[in-house]
Amino acid sequence: MSAPPHERFLKLFADEAEARLRRLGDHILALESAGSADAVAALLRDAHSLKGAAAVVGLTDVSTVAHRMEDLLEPYRTGAAACPPALVDRLLDVADVLQSLLPAIRRGEDTTPWTRPLCDRLGAAVDAEAGHGEAGGAPDPVGGPAQPSPPPQPPVAAPVAAPVAVSDMIELPAARVDDLVRSVGESAAASMRLGRLLGERTDGDPERITEFRDLSRSLRHLHEQTVRARMVPIGSITGRLHRAVRDTARDGGKAVRWEASGEDTELDRTVLGQLADSLLHLVRNAVDHGIEPSADRIRQGKPEQASVRFHARQTGSDVLISVTDDGRGIDAHRLRDEAARHGIDVGGMGEDQLLGLVFANGVSTAETLSQTSGRGVGLDVVRANVERLRGRIELASAPGTGTEFRITIPVTAAILPCLVVRAGGQRYALPMASVVTTQAANPAETIRAQGRELVWVGRAAVPVASLTATLGHTADGEDGPVVVVAHADRMAAYRVDDVVGQRDVMATGLGAFVPKLALVSGGAVEADGSILLVLDGAALATTVSRPPATMPSPVAGPAPAASPVRSVLVADDSLPVRELQRSILEHAGYRVFVADDGAAALASLASNPVDLVLTDVDMPRLNGFELTRAIRAQPQLANLPVLILSSKNAPEDHQEGMDAGADGYLVKDAFGEATLLAAVHRLIGQAA
Amino acid sequence: MRALLLPVADELYAVELALLRTVVGDPQLFTIPTAPPSVAGVLNLRGEIVAVLDTAHLLGIGRLATIGFAAVVDHPHGAVALAAEGQPRTVMLGEQVAAGDLPGTVGCFTAGQAIATLIDIHTLLVPAAA
């Protein structure tokens with residue numbers, strides 16, 4: 001796995017602070033001009049932002065320094081008097097010291113030896129200023145006992161005499177990047193026209209001309225790089241979410257732990273910007289109304305410290321974001337009463353539909369109102385925002401256990417590893433996340449059952465259809481290879497004209513005026529100016545198929561086209577944990593099925609044979625120990641490796657797992673990508 | 001008001017010129033499988049994928065026989081193109097001579113010797129997710 005979350009936060013803080021401190025330095029210099037109210041206001045804003053960001057990442061001293069800078073500046077807010085040069089010197093020194101500490105902060109080193117004296121000196125200056133204020137004299141912000149102290153020496157990484165460091169990051173207006181993308185697109189279009197012209201003049205394929213081929217390749221690369229420049233990691237807003245959780249928890253007197261994963265997942269900056277407020281609302285709502293007061297939690301046998309978990313991951317052409325709390329959950333019956341009170345017809349509504357009422361305007365089960373939530377006018381706006389971005393929001397909640405909001409949002413621009421195929425003369429991209437395997441055309445290996453054609457994929461007989469016909473075009477006897485796609489427990493095979501190859505595709509949405517389509521999730525502008533449509537692999541897997549029937553392979557027939565990819569069934573009732581495991585395993589090349597409890601895992605095994613089961617212990621309906629015992633009780637599954645991954649770490653838990661028949665037991669506290677993959681490799685070998 | 005006249009189904013429809021980004025002649029359209037009939041396809045506008053809508057279908061007066069031009073307009077939800085059969089031209093709209101009966105239209109106005117129906121882009125073009 002990548003850097004620990006805290007380290008990532010520190011790096012994000014330092015990157016942001018670098019630009020902020022540069023601005024701060026400019027504003028400090030402007031202070032010396034008379035009538036510098038604007039500079040003071042700007043300086044106060046930056047100091048305030050620096051204070052907040054530092055507090056969130058745990059840099060208390062840096063936060064205090066920024067706070068004291070605010071105190072020192074407060075008397076000059078009106079701009080009536082110019083700041084004395086001594087104050088400007090002091091502030092510039094502070095900015096320099098903080099700037100010099102950034103490399104150490106990035107490395108996660110302790111900076112208090114430098115920041116603590118700085119805090120003390122600034123504190124003394126503030127006290128001195130207050131003393132002068134009471135006496136009615138002009139403030140002397142530099143006075144006090146701090147004056148004799150030498151300025152702090154920055155860490156070794158930034159010697160005072162070092163040449164001016166040029167940042168490896170630049171800030172520039174997003175519109176400039178958009179202009180760049182447009183210009184590159186225009187260049188690609190010009191290249192396409194040139195290709196046509198060359199083709200006409202030479203009566204041949206322009207790609208055979210080396211110079212033109214090189215130009216096309218360079219433009220393709222340039223296009224990908226410029227579009228990539230618009231993508232930002234979701235981690236760029238998780239600091240704000242963390243801060244919101246912290247502040248809301250402090251206001252409510254609650255102890256809440258913030259956990260975030262998948263912060264490296266990238267989204268188009270516009271999409272992320274439009275989503276940020278909705279996510280802020282969800283995390284505040286979770287703390288404000290989802291998490292119970294500590295006393296209630298203790299009474300219920302829950303840990304006093306609650307948790308709010310944020311998880312993001314890219315899945316195909318979508319990004320999936322979940323916000324999960326372990327609070328009181330949503331009472332569907334109270335929702336029903338509340339909705340009925342608002343005149344909503346709740347007759348015949350199932351539990352899922354009742355839960356969906358939280359997205360209705362005015363409906364809330366919150367017992368109290370707060371500044372941030374509880375008025376029933378928030379989640380309807382969140383849903384509207386998500387849908388405006390052509391996404392969807394879902395909710396799962398269990399009373400007493402917690403609530404999970406899950407947002408699925410199309411990536412406006414994403415780099416997707418895809419398999420490019422041709423069907424009906426058109427090229428299409430299939431996200432590799434959905435592709436299981438491809439098989440060469442071999443009519444001898446196809447079978448018929450229940451009026452349809454099937455192909456063998458491992459031990460499963462999978463329905464096969466024409467991709468051209470499925471996309472609504474007239475299929476003209478396709479006899480090319482078969483591409484097998486899967487989603488959850490569904491699998492389907494599609495016959496195509498041919499497989500063009502595998503490559504990264506810069507996928508974008510089709511715009512706000514194309515409705516959400518059943519089988520097409522986006523498009524990509526190719527270097528030759530054409531548009532490659534990206535298909536929705538999950539939808540294709542479920543459109544024509546039923547869960548594949550498991551049956552014995554034909555004894556005398558040709559050897560089944562066994563999937564070379566090893567598969568793992570992940571059973572865990574926590575979505576983020578499930579998705580993290582899936583992400584790690586898929587990244588390592590395994591095919592992954594998921595189940596949200598032991599019973600679902602057992603049901604999945606009946607139709608989807610796998611090479612390994614990775615299971616949690618504490619799950620509803622059937623826990624991990626019971627699942628393991630159930631697997632061992634079935635002769636056809638008796639030899640299936642089972643790996644337990646649990647937060648239960650008592651010796652008796654390990655013993656119970658092994659007694660149940662598990663082949664390994666990992667503890668979540670010590671869980672890491674390397675540990676998990678090592679255990680999986682040990683049991684079933686490499687992915688393929 | 002200066003407007004762009006779009007020849008659509010033997011009639012003229014007008015869009016406010018200030019909303020126009022560009023006109024693409026003989027657009028290279030990429031059709032989208034399973035898209036509704038109002039979406040004629042998408043085109044590559046300098047690297048940006050822009051939906052091309054069948055103006056006649058949107059107005060409820062049938063389907064375009066051909067797509068000779070695409071007028072790309074800037075909408076608050078992004079660029080979108082209205083397809084036209086013939087070459088668009090700009091005119092100064094005159095007085096209103098009839099009310100707008102079709103959905104998404106303001107009314108009929110004189111346009112030189114002809115009559116054009118002015119389209120209200122914000123009413124006619126509703127984002128799919130709205």
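Letters A, B, ... mirror the listed sequences (proteins, then strands); counts begin at 1.
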_Nearest heavy-atom neighbours spanning B/P33 and A/H473_ = CG-NE2, 4.0 Å
Measuring from [X]:[atom1] to [Y]:[atom2], what's the distance to the nearest 0.5 Å?
{"X": "A/L510", "Y": "B/I32", "atom1": "CG", "atom2": "CD1", "result": "5.0 Å"}
{"X": "B/I49", "Y": "A/T508", "atom1": "CD1", "atom2": "OG1", "result": "3.5 Å"}
{"X": "B/T34", "Y": "A/L517", "atom1": "OG1", "atom2": "CG", "result": "4.5 Å"}

*Between A/L533 and chain B, which part of the residue has a heavy atom less than 4.5 Å away: side chain, backbone, both or neither?*
side chain
*Is the number of heavy atoms from other residues, nucleotides or ligands under 6.0 Å of A/H221 NE2 greater than 12?*
no
*Apply side-chain contact (heavy atoms from CB on, under 4.5 Å) to A/F513 and B/V39, showing your working.*
CA-CA 8 Å; A/F513 297 93; B/V39 180; over 6 Å; no
*Mind ranking A/I531, A/L519, A/L471 by heavy-atom pairs under 4.5 Å with chain B and telling me who comes out on top?*
A/I531
*Is there side-chain contact between B/N44 and A/S530, with heavy atoms separated by less than 4.5 Å?*
no
*Checking B/L53 against chain A: side chain, backbone, both or neither under 4.5 Å from a heavy atom?*
side chain
